[in-house]
2 protein chains.
Amino acid sequence: MRGERKDIITVSEAQLKIMPEMSELLHTRYRFLQMIDMLGPVGRRGLAENLSVGEREARKETDLLREQGLIIASHSGMRISESGKEVLEILKPLVYEWSGISVMEKQLTQKLCIQRVLIVDGDINETPSIKILLGLEAAKVLSKVAKEKEIIAVTGGSTLAAIADSVTPSDQPNNLTFIAARGGMGVDDMRLQANTIAATFAHNSGNAYRTLYLPEHLSETAYKAIIEEPMVKEMIDLYDRTDVVIHGIGSAIEMASRRNSTETEKSNLLEHGAVSEAFGYYFDESGKAVQRIQTVGIQREQVNRCKSIIAVAGGKNKAAAILSYFKQGANQTILVTDSAAAKEMLHLLK
Amino acid sequence: MRGERKDIITVSEAQLKIMPEMSELLHTRYRFLQMIDMLGPVGRRGLAENLSVGEREARKETDLLREQGLIIASHSGMRISESGKEVLEILKPLVYEWSGISVMEKQLTQKLCIQRVLIVDGDINETPSIKILLGLEAAKVLSKVAKEKEIIAVTGGSTLAAIADSVTPSDQPNNLTFIAARGGMGVDDMRLQANTIAATFAHNSGNAYRTLYLPEHLSETAYKAIIEEPMVKEMIDLYDRTDVVIHGIGSAIEMASRRNSTETEKSNLLEHGAVSEAFGYYFDESGKAVQRIQTVGIQREQVNRCKSIIAVAGGKNKAAAILSYFKQGANQTILVTDSAAAKEMLHLLK
DNA sequence: AAGTGCTGGGACAAAATTAGTCCCGTTAGT
DNA sequence: ACTAACGGGACTAATTTTGTCCCAGCACTT
């Protein structure tokens, strides 16, 4: 018909045309409602802090949400109502459309050449509480891809820990086995180690798990000796039969600092141009594995042989790392990230 | 599932829950856009007057609409853009839903026991320009119900005149014949007489018409004599073959005043409790025809025999009259009215 | 060819709304 | 019994919105 102009098709696009302020308004309110949902009974001040807004604005919005019956105020705080939950669920696609998350998801899926990109709204650094959302989203993906009696390998890190906390029994198929994708992580916080997280996954979903505690940075001889142990061999066998891997992606520098690497090791990484880290491998900008930590763990070939891979990482600072990691092909991967990382990735790609 | 609470289903309902101010906002903006569309190139001040808002508000809204590219400002005034028209069209159902017009349409259709009720937003008395909308709506209905070679009888009145103006050639089927539902209306404004309006309909749609000019208030003998005239007989024959009637509904008192009725006639009407008037018949509250003007015109039985009847009337003051008229069964009628009349009708029915 | 009545846009003070910052009585958890 | 956090009230400062002009420019009319 008409040549140049792209026709408006959907109602929501027309709404946005005639009421542009709705986009921001919806975004704000939705975040409030979502926060109240997540933080359970929460006070006005705590809410304001979590969303980085003034107390008064928090009050204004919560007043409105209460009047609309979307939240319920009590002495112990505000919590979401039944209709609030419905609204949250129904409006999600619209929020994603208007905030541009939908298009970002599509663009990144294409540019990273992976199966799917899922973005949760927010910045994991600015608003740590949205890690819960990342977790919920990842847990949802897991429940979709995992079938009965499958083996799920998980890695460590704070993000993965959050996901483990978000898993509920009803979500997941039965008879799964969770295993740590790698041995110990040295002096790291116990709660962030793969073994612990595998246990949490299993516990929260009512499934079994297998652990393997090993010291990190083994010498060549010690490594060769230990992989002959029956317990270890058994674990390596499990890696071969792993169906789903769910892992974080780390920034190489941050990772090296967290592990008590020596200065030589750090400068070694820098020399090789390491940008990202995932299950013990360090990758450079072009996606080449430039180094790996010598410990028992799932191998890259084993990962790539898996049915599904779920990668989870968020925050602007992770953007470069995520890009680097996906330079090596990982077609069957589903990435769960936040909008801050997504924006930065698209910015870096331009 | 849950017993009591009615579940939110649609996205638009959820939007309204979380952003209640959107309803009014959309309504306002939509009216602006609609007005600009109707009034063609129009200035800020004229627009403000038409919508009964301050000059500043008119300016604020038009500024926004212009920024959004929905309207185009030029030295001769503002007019709607292509995308503006699209938005107008796409958003109509939403406006109707949020302003409660949709539910009013359903309620009235049921309570009046007629085929369909179509409501245009506004008050025909406060905003005369929306008569154009009434007209457009009625013309749209006509184009849907009228088939080729059919005979359309029209009555008089300012509303019908507005409809006639809104008819365009492309709208209507070909080879229609428009006829006046009744002879002259005495001393009334020429432009509001059925004969003139039939001619306008025909002219604007590129069809034929037949007129019949007769004096009103004929004596019994004169009446009997005149209906023997070939020209008149021919017209009466047309009434028998009429397919579609499109008529206004008048308030009895106003009608009697407009026609130069004598005081006796007026008090006579009051005595009989006449409330409404349509094609020469006066009806009381219960829908009984209490009087009719003695002139050549379509008879009630002939009307009821028609395939489709389109009734058009708007304004709060017409509410009682419309209710009265539809008390006599008129199942195949489609009523086109405005929201002011609709509200009042529902109010009176409670 | 000058006049007149529109147009959109600029400017500015008054009015209304919103945001920031306290306080307070109450209540749940300790 | 105590404490910390809750929602809600109150009041001022800041911001936005609104009402009301004026203005230069363009299109009709005279």
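So that the names make sense, note that chain A is the first sequence line, chain B the second, and so on, each numbered from 1. Both backbone and side-chain heavy atoms feed into the values below; hydrogens, waters and symmetry mates do not.
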Rounded distance (Å) that lies between atom [atom2] of [N] and atom [atom1] of [X]:
X: B:L47; N: C:dT7; atom1: CG; atom2: P; value: 10 Å
X: A:E49; N: D:dA5; atom1: CD; atom2: C1'; value: 13 Å
X: A:R45; N: C:dC24; atom1: CZ; atom2: C1'; value: 10 Å
X: B:I72; N: C:dT7; atom1: CD1; atom2: P; value: 17 Å
X: A:L39; N: D:dA5; atom1: CG; atom2: P; value: 15 Å
X: B:I71; N: C:dG8; atom1: CD1; atom2: C1'; value: 11 Å
X: B:R59; N: C:dG9; atom1: CZ; atom2: C1'; value: 5 Å
X: A:M78; N: C:dA28; atom1: CE; atom2: P; value: 17 Å

* Look at all strands and tell whether B:S74 reaches a base, only sugar-phosphate, or nothing, counting heavy atoms closer than 4.0 Å. => sugar-phosphate
* To do: Select base, sugar-phosphate, or nothing to describe what B:E57 touches, counting heavy atoms under 4.0 Å on all strands.
  => nothing
* **Neighbour count above 12 (heavy atom, 6.0 Å) for A:E24 CD** => no
* Answer whether the closest heavy-atom distance between the side chains of A:T127 and A:M35 falls below 4.5 Å. => yes
* Any side-chain heavy atom of A:K318 within less than 4.5 Å of one from A:D338? -> no
* Structure fact -> Whichever of A:H75 and B:V42 has the more 5' nearest nucleotide on DNA chain C, that residue is B:V42
* **Phosphate-side-chain proximity, A:K60 and C:dT18, N/O vs OP1/OP2 below 4.0 Å** => no
* Asked: Does OP1 or OP2 of C:dG9 have a side-chain N or O of B:R66 closer than 4.0 Å?
  -> yes
* Starting at OG1 of B:T10, measure out to CD1 of A:I90 and round the result to the nearest 0.5 Å. => 7.5 Å
* Structure fact -> Winner on side-chain proximity to B:R56, out of D:dG7, D:dT20, C:dG9, is D:dT20
* Are the charged groups of A:R66 and A:D63 less than 4.0 angstrom apart, N to O? -> yes
